[in-house]
Amino acid sequence: MERIDLEDNPTIGWIVFPGNPWPDGHAIEEFAWTGRIDENGNLWFDLHLRSAEYVAAGEPESGMGAGDWSSPDVWQNYRSCTLSSTYWGEDDGTGLLAATPGNPFQLKELTPQRLTADPLPLIELDQLEYLAFNIYLLGHDSVADQEVVFTRRADGTHAIDWRGRIALTYVGDNDFRHEFEARIAASLEYIRYPASLSLEEAHDHLQAVVDAPELFETGLVDGQPAWVPKR
């Protein structure tokens, strides 16, 4: 798959679905990278992505293969893609385990950092109900075998290279035969933490899972305590 160059695509980012009717991919209209510290002190990353409408990418190529994946009419019927661990409320995915106490995520490190989720093959079909991310693509489908690489950029943001495999489970196909690749430039927006923690305890948790706790200050996100970037 050809590498996506954000310098040539000056949007939030770009997502490609190899073999679909738009080989150059689709612009990303919404993206959020957020964090949360759980009751055990682990740091999880959530990602939320919404593409532009498929037709915004221009005239589709005629489908060369069989099935929904190569059909422009099918893609246009579903309009756009949402790929997220947060969008569907109580049906949210688990997100990415980013750090454990004593093994912090390196926000200031220039070396790319790789996180993974839901390697294939899945052991049980029931795992489709408990994946790290959910996807609306050609209906409510499934996504697994994910790899997300974070690389710090000179301006302090991160290039996020995100790839994985897709099963068109909406039409009953549980085989992860399709792929996606996205490239985004973004910053970590906040890290939520349990309201049961004192400020001192919350700070201890933060410095155990990120290399640069000094970049954050306390705040509120939707009424919940969080570490937010200092302005």
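Below, each value reflects all heavy atoms present in this structure, side chains not excepted, and no hydrogens, waters or symmetry copies.
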- At what distance, to the nearest 0.5 angstrom, does CG of Leu138 lie from NE2 of His178? 8.0 Å
- Message: With a 4.5 Å cut-off on side-chain heavy atoms, are Glu189 and Pro229 touching?
- Response: no
- Test log, rule side-chain contact (heavy atoms from CB on, under 4.5 Å), inputs Val210 and Leu43: CA-CA 9 Å; Val210 297; Leu43 174 64; 3.9 Å; yes
- Task: Assess the pair Tyr136 and Tyr170: is the distance between their ring centroids shorter than 6.0 Å?
- Result: no
- Does a sphere of radius 6.0 Å around CD in Glu214 hold more than 12 heavy atoms from other residues, nucleotides or ligands, not counting ones at 6.0 Å or beyond? yes
- Where Phe31 and Leu49 come nearest, the two heavy atoms and their spacing: CD1-CB, 4.0 Å
- Message: Between Asp211 and Lys108, does any side-chain N to carboxylate O distance fall below 4.0 Å?
- Response: no
- Message: Between Asp38 and Trp44, do the side chains contain a donor N or O and an acceptor N or O under 3.5 Å apart?
- Response: yes
- Can you see which heavy atom on Ile135 is nearest to which on Ser142, and at what distance? CG2-N, 3.6 Å
- Message: Check for me whether the distance between the ring centres of Phe133 and Trp162 falls short of 6.0 Å.
- Response: yes
- Task: Could you tell me whether the side chain of Pro21 reaches within less than 4.5 Å of the side chain of Trp75, counting heavy atoms only?
- Result: yes
- Query: What's the spacing between Thr86 OG1 and Arg36 CZ if we round to 0.5 Å?
  - Reply: 9.0 Å
- Look only at the side chain of Asp118 and the backbone of Ala132, and say whether a donor-acceptor pair between them is shorter than 3.5 Å. yes
- Begin with the C-alpha distance, continue with both residues' side-chain angles, and end with the deciding distance and a verdict on side-chain hydrogen bond (donor to acceptor under 3.5 Å, both in side chains) for Asn174 and Thr169. CA-CA 5 Å; Asn174 295 326; Thr169 47; 5.3 Å; no
- Side-chain touch Leu131/Val143, heavy atoms, less than 4.5 angstrom: no
- Message: Same cluster or not: Leu199 versus Val221, using hydrophobic residues (I, L, V, M, F, W, Y) connected whenever any side-chain heavy atoms lie under 4.5 Å apart?
- Response: no
- Query: Ignoring hydrogens and geometry, is there a side-chain-to-backbone donor-acceptor pair from Gln113 to Gln106 under 3.5 Å?
  - Reply: yes
- Over all atoms of both residues, closest heavy-atom pair of Gln207 and Pro213: CB-CG, 3.8 Å
- Query: Do Phe150 and Glu109 touch side chain to side chain, with heavy atoms closer than 4.5 Å?
  - Reply: no
- Item | Phe45 vs Leu188 side-chain heavy atoms within contact, under 4.5 Å | yes
- Query: Does a sphere of radius 6.0 Å around CG in Asp222 hold more than 12 heavy atoms from other residues, nucleotides or ligands, not counting ones at 6.0 Å or beyond?
  - Reply: no
- Task: Quick one: closest heavy-atom pair of Glu53 and Ser80, and the distance?
- Result: CA-CB, 3.9 Å
- Can Glu147 and Arg114 be counted as an ion pair, charged N to O under 4.0 angstrom? yes
- Message: Nearest 0.5 angstrom please: Trp88 CH2 to Thr82 OG1, how far?
- Response: 5.0 Å
- Item | Note, Phe17 side chain near Leu137 side chain (heavy atom, < 4.5 Å) | yes
- Going from CD1 on Ile12 to CD on Glu30, what distance comes out if it is rounded to the nearest 0.5 angstrom? 7.5 Å
- Item | NZ/NE/NH1/NH2 to OD/OE distance under 4.0 Å, Arg50 and Glu29 | yes
- Task: Run the numbers on His26 and Tyr54 for side-chain contact (heavy atoms from CB on, under 4.5 Å), then give the verdict.
- Result: CA-CA 7 Å; His26 308 271; Tyr54 302 135; 3.8 Å; yes
- Note on the structure: In this structure, OG1 of Thr34 is separated from CG of Leu47 (nearest 0.5 Å) by 7.5 Å
- Message: For the backbone of Cys81 and the side chain of Ser51, can you confirm whether one donor and one acceptor N or O come within less than 3.5 Å of each other?
- Response: yes
- Verify side-chain contact (heavy atoms from CB on, under 4.5 Å) between Val209 and Thr100, making sure each step is shown before the conclusion. CA-CA 6 Å; Val209 290; Thr100 56; 5.9 Å; no
- Message: With no hydrogens and no angle check, just 3.5 Å: does a side-chain donor-acceptor pair link Ser198 and Glu200?
- Response: no
- Message: Please tell me whether Leu215 and Tyr190 are part of a single hydrophobic cluster in this structure, the criterion being side-chain heavy atoms less than 4.5 Å apart.
- Response: no
- Applying the 4.5 Å side-chain criterion to the ILVMFWY set and letting contacts propagate, would Leu97 and Tyr130 be lumped into a single cluster? no
- Measure the OG1-CG distance between Thr151 and Leu110 for me, rounded to the nearest 0.5 Å. 9.5 Å
- Note on the structure: Heavy atoms of Asp173 and Asp175 approach each other most closely as OD1-N, 3.0 Å
- Compare every heavy atom of Asp145 with every heavy atom of Arg165, then report the nearest pair and how far apart it is. CD-OD2, 3.8 Å
- Within residues 212-231 or reaching into it, pairs that qualify as ring pair (Phe, Tyr, Trp, His ring centres under 6.0 Å) - sequence neighbours excluded: Tyr193-Trp227, His203-Trp227
- Task: Using the side-chain contact (heavy atoms from CB on, under 4.5 Å) rule, take Ile166 and Trp69 through it: C-alpha gap first, then chi angles, then the decisive distance, then the call.
- Result: CA-CA 11 Å; Ile166 297 165; Trp69 190 260; 4.1 Å; yes
- Message: Under 4.5 Å between side-chain heavy atoms, counting indirect links through other Ile/Leu/Val/Met/Phe/Trp/Tyr residues: same cluster for Ile184 and Val149 or not?
- Response: no
- Message: Could you go through Ser71 and Asp73, starting from their C-alpha distance and side-chain angles, then the distance that decides it, and tell me whether this counts as side-chain hydrogen bond (donor to acceptor under 3.5 Å, both in side chains)?
- Response: CA-CA 5 Å; Ser71 169; Asp73 289 342; 5.1 Å; no
- Query: Do Tyr87 and Leu96 share a hydrophobic cluster, counting only Ile, Leu, Val, Met, Phe, Trp and Tyr and linking them when any side-chain heavy atoms are less than 4.5 Å apart?
  - Reply: yes
- Message: Could you check whether His158 and Trp33 have their ring centres less than 6.0 Å apart?
- Response: yes
